K.L.:
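Have a look at the structure that comes next, please.
Numbers for residues simply follow the sequence, beginning at 1. Only a predicted model underlies this, so the values are computations on that prediction, with no experimental measurement involved.
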Amino acid sequence: MRFAKYFSAVDSHTEGMPTRVITGGVGVIPGETMAEKRLNFIKNHDHVRRFLVNEPRGHAAMSGAILQPPTRQDADWGVLYIEVSGCLPMCGHGTIGVATVLVETGMVEVTEPVTTVRLDTPAGLVLADYDTRTKLVTIRNVPSYAHELDAVVDVPGLGEVRYDMAYGGNFYAILPLADLGIPFDRAEKDRILAAGLSIMDRINATNRPVHPVDPAIGGCKHVQFTAPGEDGAHSRNAMAIHPGWFDRSPCGTGTSARMAQLHARGELGIGADFVNESFIGTRFVGRLLEEVPLGDRTAVVPTVAGRAWITGMGQYLLDPTDPFPEGFSL
């Protein structure tokens with residue numbers, strides 16, 4: 001049988017969040033930089049994203065990464081991040097998953113005891129250290145910063161909501177869930193998600209954040225509801241994401257943004273560990289390495305450590321007669 005499309009992929013999950021790493025079939029996306037490739041992909045190839053992450057091949061919380069040749073000499077691979085929410089500048093759990101796939105399938109040369117993979121992303125260069133003894137991956141993320149503290153937005157049904165906006169590869173509105181009077185409990189997930197979507201809609205309509213160096217990075221697709229940590233965690237989060245799902249992992253770029261927010265508030269110093277727990281109880285360990293300039297801002301360089309596990313390998317096919325060539329969502 002002749003197929004219209006044929007993709008190869010390795011599936012994994014990073015501390016509970018699935019990632020589909022597309023290793024073949026997409027071809028090379030045009031662009032001089034990964035940021036340009038991302039914009040080109042959004043404009044001309046978004047049907048590929050929908051095909052790979054929507055039903056019937058994906059699901060409502062699907063995440064993925066497409067391997068590309070790097071556009072910079074100091075990188076081993078280029079990565080485009082795809083999710084049901086769109087094509088993001090950076091994805092922390094996705095990067096941990098990509099590094100694990102590259103090392104454990106032999107796509108990069110393995111060195112003991114740590115293999116470093118340099119990834120060219122739309123948000124900048126990201127280093128991933130894979131510990132061959134423990135499978136722990138530590139990523140050195142892009143500069144992260146607190147964009148605005150104590151911002152207020154008027155949200156229908158919720159009233160005035162106070163939040164901090166921070167960037168860690170994506171923009172995050174951060175606020176304690178208790179401020180909304182909702183318990184940190186998965187039984188309340190529908191209320192939490194509805195509140196998160198309402199908050200991000202109002203922020204994007206009235207106070208949309210834009211990156212100080214790259215104006216192509218902007219908008220808020222994540223609301224990080226926080227709660228006090230327990231049993232060794234410094235904080236917990238319920239991460240509401242556009243268009244309506246939760247991150248199952250602690251969220252790598254969200255952990256970076258959270259550390260930048262806490263540093264700006266004087267609550268997290270350089271070199272201190274920060275244990276962030278997800279809505280399902282999995283954890284990332286973060287740390288701030290240094291302060292760096294970012295345009296007219298002061299940013300911090302974060303690391304985030306977690307593990308990923310390969311769950312499958314496969315080919316994803318499209319028959320020319322398939323009535324859903326881009327998948328579907330409900």
Side-chain angles (χ1 to χ4, degrees), residues 5 7 9 14 17 19-54 58 62-99 101-102 117-128 139-145 147 167-172 200 204 208-222 241-243 247 251-254 256-257 294-295 299 326-327:
K5 294 183 186 295
F7 298 97
T14 303
M17 186 65 209
T19 302
R20 175 164 293 156
V21 181
I22 312 305
T23 59
V26 174
V28 178
I29 303 299
E32 294 298 317
T33 66
M34 290 306 298
E36 290 182 6
K37 286 179 178 288
R38 171 177 173 261
L39 295 179
N40 185 293
F41 187 90
I42 292 171
K43 181 179 180 180
N44 300 308
H45 304 278
D46 197 56
H47 61 282
V48 176
R49 177 188 67 85
R50 295 191 294 269
F51 170 83
L52 290 166
V53 302
N54 285 345
M62 193 70 204
S63 175
I66 299 173
L67 297 182
Q68 291 281 289
T71 60
R72 48 193 299 164
Q73 292 183 343
D74 55 350
D76 301 308
W77 286 89
V79 182
L80 291 174
Y81 300 101
I82 55 174
E83 296 185 353
V84 293
S85 54
C87 190
L88 300 178
M90 172 56 188
C91 178
H93 84 263
T95 300
I96 292 172
V98 167
V101 167
L102 290 173
V117 183
R118 296 167 176 84
L119 297 174
D120 185 7
T121 83
L125 180 68
V126 176
L127 304 183
I139 64 170
R140 179 183 173 117
N141 198 8
V142 298
S144 306
Y145 75 101
H147 185 79
Y167 174 81
N170 300 292
F171 280 106
Y172 291 82
M200 71 180 74
N204 287 324
R208 182 177 181 269
V210 178
H211 193 275
V213 175
D214 186 353
I217 298 176
C220 176
K221 290 187 175 182
H222 304 77
I241 306 177
H242 171 84
D247 196 336
C251 191
T253 55
S256 299
L294 184 67
E326 299 178 12

K.L.:
Show the nearest heavy-atom pair for residues Leu119 and Ala75, with the distance to one decimal.
P.N.:
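Nearest pair, atom of Leu119 first, then Ala75: C-CB, 4.4 Å.
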
K.L.:
State the CG-CD distance between Asp120 and Gln73, to the nearest 0.5 angstrom.
P.N.:
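These two atoms lie 11.5 Å from each other.
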
K.L.:
Asp46: which residues meet the salt bridge (charged side-chain N to carboxylate O under 4.0 Å, His left out) condition with it, sequence neighbours left out?
P.N.:
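Asp46: salt bridge (charged side-chain N to carboxylate O under 4.0 Å, His left out) contacts with Arg49, Arg50.
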
K.L.:
If we ignore hydrogens and angles and just use 3.5 Å, is the side chain of Thr71 paired with the main-chain N or O of Met34 as donor and acceptor?
P.N.:
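Side chain of Thr71 to backbone of Met34: a pair is present.
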
K.L.:
In terms of relative ring orientation, are Tyr145 and Phe171 parallel, tilted or perpendicular, with 30° and 60° separating the classes?
P.N.:
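Ring orientation, 0 to 90° scale: perpendicular.
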
K.L.:
Can you give the donor-acceptor pairs under 3.5 Å from side chains of residues 81-90 to other protein atoms, not counting sequence neighbours?
P.N.:
{"unit_1": "Tyr81", "atom_1": "OH", "unit_2": "Thr95", "atom_2": "OG1", "d": "2.7"}
{"unit_1": "Glu83", "atom_1": "OE1", "unit_2": "Ser85", "atom_2": "OG", "d": "3.1"}

K.L.:
Applying salt bridge (Lys or Arg N to Asp or Glu O under 4.0 Å) as the test, list every pair that has at least one member in residues 27-45; sequence neighbours left out.
P.N.:
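For residues 27-45, and leaving out neighbouring residues, there are no salt bridge (Lys or Arg N to Asp or Glu O under 4.0 Å) pairs at all.
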
K.L.:
I need the Asn40 CG to His45 NE2 distance, nearest 0.5 Å.
P.N.:
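Output value for this atom pair is 4.5 Å.
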
K.L.:
Going from CG on Asp247 to NE2 on His93, what distance comes out if it is rounded to the nearest 0.5 angstrom?
P.N.:
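Those atoms lie 6.0 Å apart.
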
K.L.:
Please check: side-chain N/O of Asn204 versus main-chain N/O of Gly219, any donor-acceptor pairing under 3.5 Å?
P.N.:
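Answer holds: no.
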
K.L.:
Please test Leu67 against Leu102 for side-chain contact (heavy atoms from CB on, under 4.5 Å), starting from the C-alpha separation and ending with a verdict.
P.N.:
CA-CA 10 Å; Leu67 297 182; Leu102 290 173; 3.9 Å; yes

K.L.:
To check you understand the geometry: which heavy-atom pair defines the closest contact between Ala123 and Ile217, and what is its length?
P.N.:
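Where Ala123 meets Ile217 most closely, the heavy atoms are CA-CD1, 4.4 Å.
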
K.L.:
Over all heavy atoms of both residues, which pair between Ala128 and Ile139 is shortest? Give the atoms and the distance, please.
P.N.:
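Answer, listing the atom of Ala128 first, then Ile139: CB-CG2, 4.0 Å.
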
K.L.:
Taking side-chain hydrogen bond (donor to acceptor under 3.5 Å, both in side chains) as the test, write out the residues that go with Thr33, two or more places apart.
P.N.:
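Checked Thr33 against side-chain hydrogen bond (donor to acceptor under 3.5 Å, both in side chains); zero matches.
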
K.L.:
When you look at Trp77 and Val98, which way does the side-chain contact (heavy atoms from CB on, under 4.5 Å) test go after all the steps?
P.N.:
CA-CA 10 Å; Trp77 286 89; Val98 167; over 6 Å; no

K.L.:
Testing the basics here: between Ser256 and Asn141, what is the closest heavy-atom pair and its distance to 0.1 Å?
P.N.:
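Closest pair (atom of Ser256, atom of Asn141, distance): OG-ND2, 3.0 Å.
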
K.L.:
Using modelled atom types and a 3.5 Å cut-off, is there a donor and acceptor pairing between side-chain atoms of Asp74 and backbone atoms of Arg118?
P.N.:
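Not at all, since once roles are kept as given, no pair shorter than 3.5 Å links the two residues.
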
K.L.:
Taking all heavy atoms of Ala9 and all of Ile22, pick out the closest pair and write down the distance.
P.N.:
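It is CB-CD1, 3.8 Å.
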
K.L.:
Of all the heavy-atom pairs spanning Pro122 and Leu80, show the shortest one and how long it is.
P.N.:
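Here Pro122 and Leu80 meet closest at CG-CD2, 4.2 Å.
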
K.L.:
Just by modelled atom types, is the Ile29 backbone N or O under 3.5 Å from a matching donor or acceptor in the Gln68 side chain?
P.N.:
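Yes; judged by distance alone, with no hydrogens or angles, the pair exists.
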
K.L.:
Rounded to the nearest 0.5 Å, how far apart are SG of Cys91 and CE of Met17?
P.N.:
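Going from SG on Cys91 over to CE on Met17, the span is 7.5 Å.
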
K.L.:
For Arg208, which residues count as a salt bridge (charged side-chain N to carboxylate O under 4.0 Å, His left out) partner, sequence neighbours excluded?
P.N.:
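Arg208 satisfies salt bridge (charged side-chain N to carboxylate O under 4.0 Å, His left out) with no other residue.
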
K.L.:
List in chain and number order the residues that pass side-chain hydrogen bond (donor to acceptor under 3.5 Å, both in side chains) with Arg140, two or more places apart in sequence or in another chain; answer none if no residue qualifies.
P.N.:
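Listed in chain order: Glu290.
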
K.L.:
Would you check if Pro212 and Tyr167 make a side-chain contact, meaning some heavy-atom pair closer than 4.5 Å?
P.N.:
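Counting from C-beta outward, Pro212 and Tyr167 never come under 4.5 Å.
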
